[in-house]
Amino acid sequence: MEELLISIVQDEIVHKLKLSNTLLIIASTGSGKSTLLPGILVSNGYTDNGIVGISQPRRVAAISLAKRVSSLLNCKIGGFVGVSVRFHNNTTAQTRVLFATDGILVREALIDPIFSRFSVIIVDEAHERSLRSDVLFGLLVIAQRRRPELKVVIMSATLEYENFVKFFKDVQLVKVEGRQHPIEIHHIRSECEDYLEAAVFATLMINSRSEPGDILVFLPGQEEIESFCGILNSKLKKIEQEAKGKTPKSVLLRIGKRTCNYSQWMQMVILPLYAALPLAQQELVFVKAHNMRKVIAATNIAETSLTIPGVRFVVDSGLEKQKSFSAKRGIEVLALKIISKASARQRAGRAGRESKGFVYRIYTKDSFDKMPEFTTPEILRTNVTQPFLELAAMGIKGISEFPMIDSPSQESFLVAIATLCRLGALDRAGSITEMGKLIVKIPTSPIYAKLLIISRHLNCFDEILTMVSMLSVDVPWITNFSGSSNKGFKNAKMRISNTSSDHLTLINLYNLYKKSKNPESFCAAFGIKHNVMKYAEQIRIQLESIVDTLSIDATKINMKLQPPEFEDPNDYVLWTLAQGSWIKTAILDPDKLHYRTILEKQKVKIHLSSVINRTKLPNYIVYDECVSTSTTYVRIVSSLDKFDIRKPEK
DNA sequence: GAGCACTGC
């Protein structure tokens, strides 16, 4: 049924794609656009002389869409229909329909900026405005100038599309109705004081009506989710106690102004859901709960990445945590923010996927009206050093040459240029150097790439490779690990930890993990996330094979680094780290409590998760990242006190 | 004395 919706406009799509080389398809969820459009293009000859590429912001979406489309087209996956995401590429010479993440297509442009093997490139989920898809838009516009026959299809779910029309200029438009079940939206009448209490109240109120269906509660972060679960749990216990020993029908529960009979009260199971939660616990939200109502307290992970079956009720706090980059302070800020209307609608849509849904917003209609239309696109919130270097490597020098829907601020570009100059990736004229050409070939942040390159000549490549791989993944430790209080665990953790370096601790952990006979039980015993470690392993393999193919000529890249003689091999690692990421070092403040970052002189503290003993703080540190939450913290920190280096050697 | 949203190469 869903699939008919886009079939209705099939002729219109084909016709308009002949009229213009750029087509904008506005289609909400449930229109079947991502699964049916490839087939339409195939049957109209678009795969005869080239490939149809479909970009997705997320890996799982690319993989699952490829599976569905290959079965619709009656072919094997990896043959006519292929997927290319990091670590997973099953394309062959026969592949004519290619699903890929937007990042893969941007990387492909480094080698082939005119996308010559493609006849059509479809950018799906364009409304999400991911960093890579925004870069892709500009690359496609440039490619079309040289290859006017290249067809570009932009698929967006929002009705506000003027920015796309303006950007792509000669563009044809097709609108497709989506098919969603009706959704009933309720706002609170007046602003509430405590949104967690209000969310708990809304949950109880939903449960007091006998309508079946699971409840999805959107909250900003882990901390808020844990306290929501705590409050709800204690309320449920109270209710249970009230009813204890009595016949259910005789118990009247009062939920606000409503009273309900305990015989109508459904048992509830409360499930937290956020990305840092161990995988096994995340997966519980997909398990059917018999005769129970699931209450899923989730972050934005449930807004786009995960779809949970059975949800009919959504409770929306209207809040999220959003990271943004402060170019002036040279740090990242993770702040509690009011969501956009687009985000509120997306959250609401999660209630109507299977049948009529109900949405309870913990904010007034007036607050909704005052919300910004859209979330600020990622490209305006992020450090653009890496994409800037990628564009420079493609010969796009002045950023003014590069078409963008929203251009980052001057300050943001200046940070990118300054960082790249300090890494030796750009020269003073702003042209890419030999070092820059090496850095851009390594698919990781430029600062990690530089570390890998210099470590080749500094006797510590394997260790730096392990370190960079571990820094590229999420924190592997399970927070609130239940085994963390027992003595054996503490001893084991002591063995892993290096008391003056989080970086070395990560390397230790990786090496012990690799040496363990049974990695799974090793992870279970130490409170380590096995999937995170496996991911680090894959990154390590990929980075190693790429660096192996590079011919690093020390004379060409102006390498004059010469380490002193060290007894401890770890010292080579730390010394290299200090050299390669001196822009991420900090000096102890006279208050003996804070540090000052080397460049912007920001006042920062070492994060509590660090192994560094807070009673004797080192004078000089190197850190991996600097994020401002309640205060400004540096995370993943190593002491550099044993080295007498304040300035980088050139 | 008090803690990091979500993606991706």
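Everything numeric in this text was worked out from a predicted model, so none of it was measured. Below, read A as the first sequence line, B as the second, and so on, with proteins coming before strands; counting in each chain starts at 1.
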Please determine, by modelled atom types, if [X] and [Y] share a side-chain donor-acceptor pair under 3.5 angstrom.
| X | Y | value |
| --- | --- | --- |
| A/Ser343 | A/Ser340 | no |
| A/Tyr274 | A/Glu226 | yes |
| A/Thr631 | A/Tyr633 | yes |
| A/Gln602 | A/Glu600 | no |
| A/Tyr623 | A/Asp502 | no |

What I'd like to find out is whether the side chain of A/Lys341 reaches to under 4.5 Å of the side chain of A/Phe368, using heavy atoms alone.
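A/Lys341 vs A/Phe368: side chains touch.
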Length of the [atom1]-[atom2] vector between [X] and [N], whole Å:
| X | N | atom1 | atom2 | value |
| --- | --- | --- | --- | --- |
| A/Arg129 | B/dG8 | CZ | C1' | 17 Å |
| A/Asp102 | B/dC9 | CG | C1' | 10 Å |
| A/Leu277 | B/dA5 | CG | C1' | 14 Å |
| A/Phe87 | B/dC9 | CZ | P | 8 Å |
| A/Ile63 | B/dG8 | CD1 | P | 9 Å |
| A/Glu125 | B/dT7 | CD | C1' | 13 Å |
| A/Glu544 | B/dC9 | CD | P | 20 Å |
| A/Gln386 | B/dC9 | CD | C1' | 7 Å |

Counting heavy atoms from C-beta on, name the nucleotide in [options] closest to the side chain of [X].
| X | options | answer |
| --- | --- | --- |
| A/Pro443 | B/dG3, B/dT7, B/dC9 | B/dC9 |
| A/Glu378 | B/dC6, B/dA2, B/dT7 | B/dT7 |
| A/Ala275 | B/dA5, B/dC6, B/dC9 | B/dC6 |
| A/Gln222 | B/dC9, B/dG3, B/dA5 | B/dA5 |
| A/Leu334 | B/dA5, B/dG8, B/dG3 | B/dA5 |
| A/Tyr633 | B/dT7, B/dC9, B/dA2 | B/dA2 |

Presence of [X] side-chain N/O under 4.0 Å of [N] phosphate oxygens OP1/OP2:
| X | N | result |
| --- | --- | --- |
| A/Thr299 | B/dC6 | yes |
| A/Thr101 | B/dC9 | yes |
| A/Arg59 | B/dC9 | yes |
| A/Lys605 | B/dA2 | yes |
| A/Ser609 | B/dG3 | no |

Under 4.0 Å, heavy atoms only, any strand: does [X] hit a base, just the sugar-phosphate, or nothing?
| X | value |
| --- | --- |
| A/Thr629 | sugar-phosphate |
| A/Val85 | sugar-phosphate |
| A/Arg58 | sugar-phosphate |
| A/Ser630 | sugar-phosphate |

Are more than 12 heavy atoms, taken from residues, nucleotides or ligands other than A/Lys67, located less than 6.0 Å from that residue's NZ atom?
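Counting other residues, nucleotides and ligands, NZ of A/Lys67 stays at 12 neighbours or fewer.
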Is the side chain of A/Gln282 donor-acceptor paired with the backbone N or O of A/Ala275 at a distance under 3.5 Å, no angle test?
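Answer holds: yes.
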Listed in order of residue number, which residues of residues 464-474 of chain A have a non-hydrogen atom at under 4.0 Å from DNA chain B?
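None, since no heavy atom is under 4.0 Å.
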Please enumerate all residues that pass side chain to side chain donor-acceptor pair (under 3.5 Å) together with A/Thr299, with sequence neighbours excluded.
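In terms of side chain to side chain donor-acceptor pair (under 3.5 Å), with neighbours along the sequence ignored, A/Thr299 is linked to no residue.
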Closest-nucleotide mapping onto DNA chain B: is A/Gln542 or A/Ala276 further toward the 5' terminus? I mean the 5' end.
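Its nearest nucleotide lies further toward 5', so the answer is A/Ala276.
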Earlier contact from the 5' end, DNA chain B, for A/Ile104 and A/Glu224:
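Nearest nucleotide further toward 5': that of A/Glu224.
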